[in-house]
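Labels below follow one simple rule: chain letters A, B, ... track the order of the sequence lines, proteins then strands, and each chain is numbered from 1. This is a predicted model, so every value here is computed, not measured.
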There are 4 protein chains.
Amino acid sequence: MVYRTPPKVQERKDAKRRLVLDTAAKVFAERGYYNTKVTDILDKAGISTGSFYFYFNNKEELFEILYDEMIKTYLSVLQNAVDTMTTHAESIVKSISHAVTLSLQTFQKNKGLARIMLIGSVGLNPHFEKKRAADHQKISLVFEEIFRKLHQGKVISVPDARVAAILFTGSIFSIISNWLQEDKPVSLVKFIFPLIVYNLQALGIQCNEHEIQTIHNEIG
Amino acid sequence: MVYRTPPKVQERKDAKRRLVLDTAAKVFAERGYYNTKVTDILDKAGISTGSFYFYFNNKEELFEILYDEMIKTYLSVLQNAVDTMTTHAESIVKSISHAVTLSLQTFQKNKGLARIMLIGSVGLNPHFEKKRAADHQKISLVFEEIFRKLHQGKVISVPDARVAAILFTGSIFSIISNWLQEDKPVSLVKFIFPLIVYNLQALGIQCNEHEIQTIHNEIG
Amino acid sequence: MVYRTPPKVQERKDAKRRLVLDTAAKVFAERGYYNTKVTDILDKAGISTGSFYFYFNNKEELFEILYDEMIKTYLSVLQNAVDTMTTHAESIVKSISHAVTLSLQTFQKNKGLARIMLIGSVGLNPHFEKKRAADHQKISLVFEEIFRKLHQGKVISVPDARVAAILFTGSIFSIISNWLQEDKPVSLVKFIFPLIVYNLQALGIQCNEHEIQTIHNEIG
Amino acid sequence: MVYRTPPKVQERKDAKRRLVLDTAAKVFAERGYYNTKVTDILDKAGISTGSFYFYFNNKEELFEILYDEMIKTYLSVLQNAVDTMTTHAESIVKSISHAVTLSLQTFQKNKGLARIMLIGSVGLNPHFEKKRAADHQKISLVFEEIFRKLHQGKVISVPDARVAAILFTGSIFSIISNWLQEDKPVSLVKFIFPLIVYNLQALGIQCNEHEIQTIHNEIG
DNA sequence: GATGAATGAGATTTCATTCAT
DNA sequence: AATGAATGAAATCTCATTCAT
C-alpha cells in the first residue's frame with residue numbers, strides 16, 4: 001500500500017534536476033555567482049521558480065552541488081592517475097606526466113566547471129572559503145603523500161614535501177587560471193609539456209627532455 | 001579672491017579618505033566584495049554615508065582604488081627586485097631569491113591587501129575580470145623578459161619562457177593563497193626557502209641547497 | 001506541456017495592475033510626480049514593493065502609462081467629435097459645440113487624469129517635455145485640419161488656421177486648468193456655454209446666442 | 001555707535017544675491033525645479049553652498065522669489081496696458097491690442113522667466129499650486145474688471161465676463177506655452193496679430209482686419 | 001561673510017524565496 | 001509536481017541643509 005515513485009517519473013525528475021545543474025554551470029561560469037540571478041538560470045532552462053525550489057533548497061546549495069561535483073570529478077581523475085603511479089611504479093616521469101596531462105585534459109573538457117571551481121567559488125562567503133581551503137588541501141595531500149614517499153626513496157629532491165605538493169597543484173591551477181582568462185579559445189594542450197618539464201625539474205628528477213617528449217606523445 | 005583649501009583642512013580630508021580606504025581594506029578582506037555592505041565600512045570607520053560619497057563615487061570605485069594600490073605596490077616591489085637582478089648579475093640564485101623573498105614579505109606585511117588582490121577581486125564582474133587578467137599578465141611579463149634573456153644566455157633551461165614566467169608567478173601566488181586560507185596565523189617566511197629551491201630547480205639552475213640557504217639567511 | 005496562465009489568474013493580474021494604475025492616478029493627481037513616493041501609492045493600494053515592480057519597470061514608466069492612457073482617451077473622444085463634424089457637416093455650430101462639450105465632459109468625468117495630463121506632466125524632465133509638446137501638437141492638429149477646410153470654404157474667418165487651432169485647444173485647457181485649481185468642486189458644465197460662444201465668435205462664425213443655447217441644451 | 005553696513009558692502013551683497021537669482025533663473029528654466037540641484041546653480045554662479053544659505057533660506061524660497069519677480073513684472077506690464085486703456089478709452093481695439101502685444105513682448109524678452117512662470121512652477125507642491133492659482137486669478141481679474149465695464153457699456157458681447165477673462169489670459173498663455181515648446185527659436189511676434197484678431201472677434205467687437213493691422217503696426 | 005566638508009533621512013529598486021492555485 | 005505571482009528585507013545612492021573653521 002506504500003506509494004512508490006514510479007521509475008519513469010523518477011527519471012523525469014532526475015533529468016530536470018540535471019538540466020538545472022547543467023544550465024546553472026553555464027550561467028555561473030559566464031557571469032559569476034553574484035551576477036547570476038536565479039531566474040537567469042531558470043529562464044534559460046525553461047523551468048519555473050517554484051520547480052527550482054522543489055529540487056534545490058536555495059541558490060547557494062545549487063552552486064555548492066555544482067562545485068562539489070567538479071571537485072569530486074577532479075579528485076577521482078587524480079586518484080586514477082596516482083593509482084597508476086603506485087602500480088606501475090617503474091617510471092616517475094611517466095606517472096607525473098600522467099597526472100599533469102589528465103588534469104589539464106579534464107579542465108579542458110569542461111571549461112565551465114573549471115571556471116566555477118577556480119574563479120566562481122572564490123570570495124563567496126566564509127562557509128565557502130573554508131570548503132575551498134579544505135578541498136585544495138585534499139588535492140594537495142594526494143601529491144604530498146606521493147612526494148613524501150618519493151622523497152624517502154631519494155627519487156625526488158625537495159626541502160619540503162608539503163610545500164612541493166602545494167606548488168605542484170598550484171602550478172596546474174595557475175596554468176588553468178591563465179587559460180581561462182585568455183580572450184581567444186586557445187588549447188590547454190600546448191601547456192602540458194612545459195608544465196611537466198617545469199615540475200620534474202623542480203622536483204629534482206633527472207631526465208632529458210627527449211624522454212619526456214616521448215612519454216608526452218604516448219599519453220596525449 | 002579665489003578660495004584655497006587650507007592645508008589643515010586638506011590634511012584632514014586626506015586622513016579621512018585614507019581612513020575609509022584602510023577600513024574598507026579590512027572589511028573587504030574579511031567578508032569579500034559582495035558580502036561587504038557600504039554601511040559595514042562606514043560604521044566601522046565612524047563616517048556618514050554622505051561623507052563616503054563625497055570621497056568616492058561608489059562602492060566599486062572604492063574597491064578598484066584599493067585593488068589598484070595593491071597592484072601598484074606589488075609591481076614596484078617587483079621592479080625593485082628585478083632592477084637589482086640586472087645590476088648585480090653575478091648571481092642568478094641571489095636575484096631570484098630576492099624576488100621571491102620580497103614578494104612574500106610584501107604580502108606578509110599586508111595580509112588584507114593580499115586577500116583583496118588574490119581573493120576579493122576574483123569573479124566580481126566582467127570589467128574586473130579583464131583588469132585582473134591584464135594585471136596578472138603585467139606581473140608575469142616582468143619575469144618573462146628576464147627568463148627570456150637568461151634562456152638565451154643558457155643560464156636557465158626551460159622549454160618556454162612565457163610558461164615558465166606564468167608558473168613562477170603562479171608559484172608565489174599559490175603559496176600566498178594557501179597561507180591566506182590557513183586558520184592559524186602562520187608566518188609566510190618559512191615558505192620562502194622551499195619556494196626558492198623549487199623554482200631554481202624548475203628553471204634548471206644548478207645549485208646546492210647550502211648555497212641557497214646562505215643567501216636566504218643573508219636576505220631575510 | 002506548455003503552461004498557460006489560467007484565465008482566473010490573468011483576471012486577477014489585470015485587476016491588480018489596474019488597481020495600481022488607478023491608485024497611482026489619484027496620488028499623482030493629488031501630490032504631483034515628485035512629491036509622490038512609490039510607497040505612497042503602494043500603501044494606498046495595499047500592495048507590496050515587489051508586486052509593483054512585477055507589473056511596472058519603475059515609477060516613471062507607471063506615470064507614462066497613465067499619461068498615455070489619458071491622452072489616448074482624449075484623442076479618441078476628439079476624433080469622435082470630429083468625425084461627427086465632417087459627417088453632419090450641415091451645422092458648424094453644432095459640431096464645434098459638440099467638440100467642446102465632449103472635451104469638458106471627458107475631463108469632468110476623470111478629474112485625476114485631467115490633473116495628470118495638464119499639471120502633473122509639466123516640467124518633469126526633457127523626455128516628457130518632448131512627449132507633451134508632441135501630444136499637444138497632435139491635439140491641436142485635429143482642429144487645425146478642420147479649421148483649414150472651413151477657412152477655405154469661407155465658413156470661418158481667421159488670419160491663421162494653425163494659431164486658431166492652438167487658441168481653440170488652449171481655450172479648452174485654460175478652462176480645465178482653472179477648474180482644477182478651484183478649491184470647491186464646481187461643475188465644469190457651466191463653462192461649456194460661454195466657452196462655445198467665445199470660440200464661435202472668435203472664429204468669426206455668425207450665430208445668435210439663442211441658437212447656441214438650444215444646441216447646447218440638446219447636447220448636454 | 002550703531003554698526004551700519006557700509007554702502008559698498010551692501011552693494012556687493014546685492015550683486016551677489018542678484019547673481020544667484022539670475023543664474024538660478026537660467027538653470028531652473030533649462031532643467032525644471034526638481035532636476036535642478038542647488039549645486040548646479042552655485043557651481044555655475046561660482047558661489048559656495050554656505051554663501052547661498054546666507055542669502056536665501058532654501059531652494060524653494062529661491063524659486064519662489066524668482067517666480068514672484070516674474071509675476072510682479074508681468075502684472076505691472078499689464079497694469080500699464082490697462083491704465084492706458086481706461087485713459088485713452090477712445091479705442092478698445094487699440095487697448096486690447098496693446099495688452100496682447102505688451103504681454104508677448106515681455107515674455108519674448110525673458111524666455112527663462114516665462115518658462116519658470118508657465119512650466120517650472122506647475123505641479124511643484126500644494127503651497128505653490130495655491131500661489132499659482134491665486135496669481136492666475138489676479139491676472140485674470142485685471143481683464144475681468146475691464147470686460148465687465150465694457151460689457152455694461154455694450155462694447156463687447158460675451159455671456160460671462162469672468163469666463164471671457166479666463167479665456168483671454170488663457171489665450172495669451174497658450175501661445176507662449178506653445179512657443180516655449182518649439183525646438184527652433186521662432187519669434188513670438190508673428191503670433192501677435194492672429195491672437196489679437198481671435199480675441200477681438202471672440203469678444204464680439206466689430207472691426208475689420210485692416211484696422212487691426214494698422215494698429216498692430218503702430219504698436220510693434 | 002565666506003567656504004566646502006559633513007550629515008543623514010529617505011527614495012528607488014533588486015531579487016532570493018514563499019505561497020496560493 | 002508545477003507554476004509564476006507575491007513578498008519585503010535590504011542595499012545603494014542622492015542631495016538639501018548644517019556647521020566648523
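Atom C1' of nucleotide dT18(E) and atom CZ of F56(A) are separated by 18 Å, given to the nearest angstrom. Atom CG of L42(D) is separated from atom P of dA2(E) by 13 Å (rounded to the nearest Å). Taking atom CZ on R12(B) and atom C1' on dA6(E), their separation rounds to 11 Å, with Å as the unit. What separates CG of L62(A) from C1' of dT17(E) is a distance of 14 Å, to the nearest Å. Atoms NZ (K37(B)) and P (dA11(F)) sit 5 Å apart, rounded to a whole Å. Rounded to an integer number of Å, the gap from CG of N57(B) to C1' of dT12(F) is 13 Å. The distance between atom CZ of R17(A) and atom C1' of dA1(F), rounded to the nearest whole Å, is 16 Å. Atom P of nucleotide dA20(F) and atom CD of E11(B) are separated by 21 Å, given to the nearest angstrom.
When both pairing distances are held under 3.5 Å, dA2(F) makes a Watson-Crick or G-U pair with dT21(E).
Applying the 4.0 Å criterion to OP1 and OP2 of dG4(E), one finds that T49(D) has every side-chain N and O outside that range. Taking 4.0 angstrom as the limit, K59(D) places none of its side-chain polar atoms (N or O) nearer than this to OP1 or OP2 of dT17(F). Under 4.0 angstrom from either OP1 or OP2 of dT14(E) there lies no side-chain N or O belonging to Y53(C). Phosphate proximity of dT3(E) to K8(B): absent, as no side-chain N or O sits under 4.0 Å from OP1 or OP2. Between K13(B) and dG4(E) there is no side-chain polar atom (N or O) within less than 4.0 angstrom of OP1 or OP2. In this structure, S51(B) reaches the dT7(E) phosphate: one of its side-chain N or O atoms is under 4.0 Å from OP1 or OP2. Under 4.0 angstrom from either OP1 or OP2 of dT3(F) there lies at least one side-chain N or O belonging to K16(A). Contact annotation: Y55(D) reaches the phosphate of dA2(E) (side-chain N/O to OP1 or OP2, under 4.0 Å). One finds no side-chain N or O of S48(D) lying less than 4.0 angstrom from the OP1 or OP2 phosphate oxygen of dA2(E).
For S121(D) and R132(D), the side-chain atoms include at least one donor-acceptor pair closer than 3.5 Å. No side-chain donor-acceptor contact under 3.5 Å links N125(C) and E129(C). In this structure, a donor-acceptor pair under 3.5 Å is absent between the side chains of E60(C) and H127(C). For Y53(C) and N58(C), the side-chain atoms include no donor-acceptor pair closer than 3.5 Å.
Along DNA chain E, the nucleotide nearest to N58(C) and the one nearest to E60(A) differ in position, and the one closer to the 5' end is contacted by N58(C). Between F52(B) and G50(D), the residue anchored closer to the 5' end of DNA chain E is G50(D), taking for each the nucleotide with the nearest heavy atom.
Cation-pi geometry between K59(A) and F52(A) is not satisfied (NZ or CZ under 6.0 Å from the ring centre, within 45° of the ring normal).
Just one of F128(D), F56(D), Y34(D) meets the ring pair (Phe, Tyr, Trp, His ring centres under 6.0 Å) condition when paired with F63(D); it is F128(D).
The listed nucleotides are dA5(F), dA11(E), dG4(E); the one nearest the side chain of F54(B) is dG4(E).
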